[in-house]
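Throughout, a chain's letter reflects where its sequence line sits, starting with A, and its residues are numbered from 1.
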Amino acid sequence: MDGKKIKNIALDGLLRNNPTFRLVLGTCPTLALTTAAMNGIGMGLAVTFILICSNVIISMLRKVIPSAVRIPAFVLIIATFVTMVRMLLDKFVPSLYESMGVYLPLIVVNCIILGRAESFASKNPVGYSALDGLFTGLGFTFALTFMGIFREVLGSGSLFGAHLWDFKIEFFTSSAGAFFVYGVFIAAFNGIYTKIDSKIRALHYDKMMALTGEEL
Amino acid sequence: MGTFLMIIVMAVFVNNFVVVQFLGICPFLGLSKRTSDALGMGIAVTLVMAITCLITYPIYNYILVPLGLEFLEIIVFIFVIASLVQMLEKAIKKLSPGLYKAMGIYLPLITTNCAVLGVAEMVIDPSQMAGVLGSATMNVGYSVLYGVFAGLGFTVAIVLLSGLREKVDYLDTAKTMKGFPVTMVTACFIAMAFYVFNLISL
């Protein structure tokens, strides 16, 4: 394993290609399950687990699956892991299973997972694919947790279910608040990202060129 | 008659699939640049949702449940939807080339639209349907009706957003707010408008 490539995979998943804020994929669970921080973490970890498993299996089978039927094959693999996660949650964490409701089976059609399968796991070795699944999933989890904390603190005056104060603005837990908070978070993330990115690039232009080997 | 009215009001307005339940957000944001695109996608989704409900509800209740294979539902449903979309695409291409030209490009996108899988999961879940049906019991007819009107709810929302975006996209907004953020804030106002329907009691 090559350290530079691992670093690139980690930075891509967490920041540069953050699935929630940079690529705006997997929007349905992001909007629906960030009313409370705990739901955000639960959804994020479920997606991370499925992403690692499906990336590993798809990467192992990448030379066996004919490219004409690759999408149905990917969907079948993903659906199998979603079914497994659903059964496990139902058995061991029933409260999370209840609060995730219909969004749990809908992980099958989450574009992040199919996107990583198509653009990364079907072209790269198993080890890198597992890491890519891990970091993309963590990027998704961090985004959902941040939004969950923000909406829970302002909207219901609590954090991870623990009561903080009586002051609450219910707009933030409503469906309209979900769109508003997501929009503002994307704008803030991209604004800060572009600023830092352009500063780093200006400072380390030559070093970055040597590191990534590409035109900036 | 009361149940019919209830299903229509609940599916289109109170539990609107897009702005209240957050299903099908990807096409809602991605295909709402022009009203004609939005309308085409809305009609295609409505058609697929109606046929999906017609097929998946009997499969679940008359095949999977008696055999004790409920755990296969996700895999079975996604394959029903994927093959249905493919068949529909072929059928429309053959029967009506004009219609195919108008909505053919939207059809392949529907397989990964979570609103379709969402409606299939919802109609088989008694706890989800209890608030919609009241005292009536669920059957295939109601499930198709729910599919049709949930699809129309999606159409209403996406057409509304596209109408707003045709104007908003030309406004002089801050650079960081351009694109997705300003669309999200626009969707926020539509969601606020739909919030009023929560006050309806039937």
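In this structure, chain A has no heavy atom under 4.5 Å from any part of B:Ile190. For B:Leu117, the parts sitting under 4.5 Å from any heavy atom of chain A are the backbone and the side chain alike. Residue contact with chain A, scored on non-hydrogen atoms closer than 4.5 Å, is absent for B:Phe194. Contacts between B:Phe189 and chain A at a heavy-atom distance below 4.5 Å are absent for every atom of the residue. Looking at B:Ala187, both its backbone and its side chain come within 4.5 Å of chain A, counting heavy atoms on both sides. Both the backbone and the side chain of A:Thr80 come within contact range of chain B, judged by heavy atoms closer than 4.5 Å. With a 4.5 Å cut-off on non-hydrogen atoms, B:Gln21 touches chain A through its backbone and its side chain both. Using a 4.5 Å cut-off between heavy atoms, A:Leu114 contacts chain B through its side chain alone, with no backbone atom that close.
Chain A forms more heavy-atom pairs under 4.5 Å with one residue of B:Lys175, B:Glu121, B:Met177 than with any other, namely B:Glu121. Contact count versus chain B (heavy atoms, under 4.5 Å) is highest, among A:Asn190, A:Leu76, A:Ile78, for A:Leu76. Of the listed residues A:Gly191, A:Ala79, A:Ala187, the one with more heavy-atom pairs under 4.5 angstrom with chain B than any other is A:Ala187. Each of A:Thr27, A:Ile71, A:Thr194, A:Val75 has some count of heavy-atom pairs under 4.5 Å with chain B, and the biggest count is that of A:Thr27. Interface check for chain B: of the options A:Ala188, A:Pro72, A:Ser175, the most heavy-atom pairs under 4.5 Å are formed by A:Ser175.
The stretch residues 81-113 of chain A places A:Val82, A:Thr83, A:Arg86, A:Met87, A:Val102, A:Tyr103, A:Pro105, A:Leu106, A:Val108, A:Val109, A:Cys111 near chain B, each with some heavy atom under 4.5 Å from a heavy atom of that chain. Heavy-atom proximity under 4.5 angstrom to chain B picks out A:Leu31, A:Ala32 from residues 31-60 of chain A.
Contact of the A:Phe180 side chain with the B:Pro181 side chain is not registered, since no non-hydrogen atoms from C-beta on lie closer than 4.5 Å. Side-chain contact between B:Val185 and A:Tyr182: absent, with no pair of heavy atoms (C-beta onward) separated by less than 4.5 Å. Between B:Ile25 and A:Cys28, the closest side-chain pair of non-hydrogen atoms falls below 4.5 Å.
Annotation: A:Phe74, atom CZ; neighbour count of heavy atoms from other residues, nucleotides and ligands within 6.0 Å is above 12. Within a 6.0 Å radius of NZ in B:Lys178, other residues, nucleotides and ligands contribute more than 12 heavy atoms. No more than 12 heavy-atom neighbours from other residues, nucleotides or ligands sit within 6.0 angstrom of CD on A:Glu170. Counting heavy atoms of neighbouring residues, nucleotides and ligands inside a 6.0 Å radius, atom OH of B:Tyr195 does not exceed 12 of them. The number of heavy-atom neighbours closer than 6.0 Å to CZ of A:Phe146, taken from other residues, nucleotides and ligands shown, is 12 or below.
A pairwise comparison of heavy atoms in B:Met184 and A:Gly183 identifies CB-CA, 3.5 Å as the closest pair.
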Does the ring pair (Phe, Tyr, Trp, His ring centres under 6.0 Å) test come out yes or no for A:Phe179 and B:Phe22, once each step is laid out?
CA-CA 10 Å; A:Phe179 284 111; B:Phe22 306 119; 5.5 Å; yes
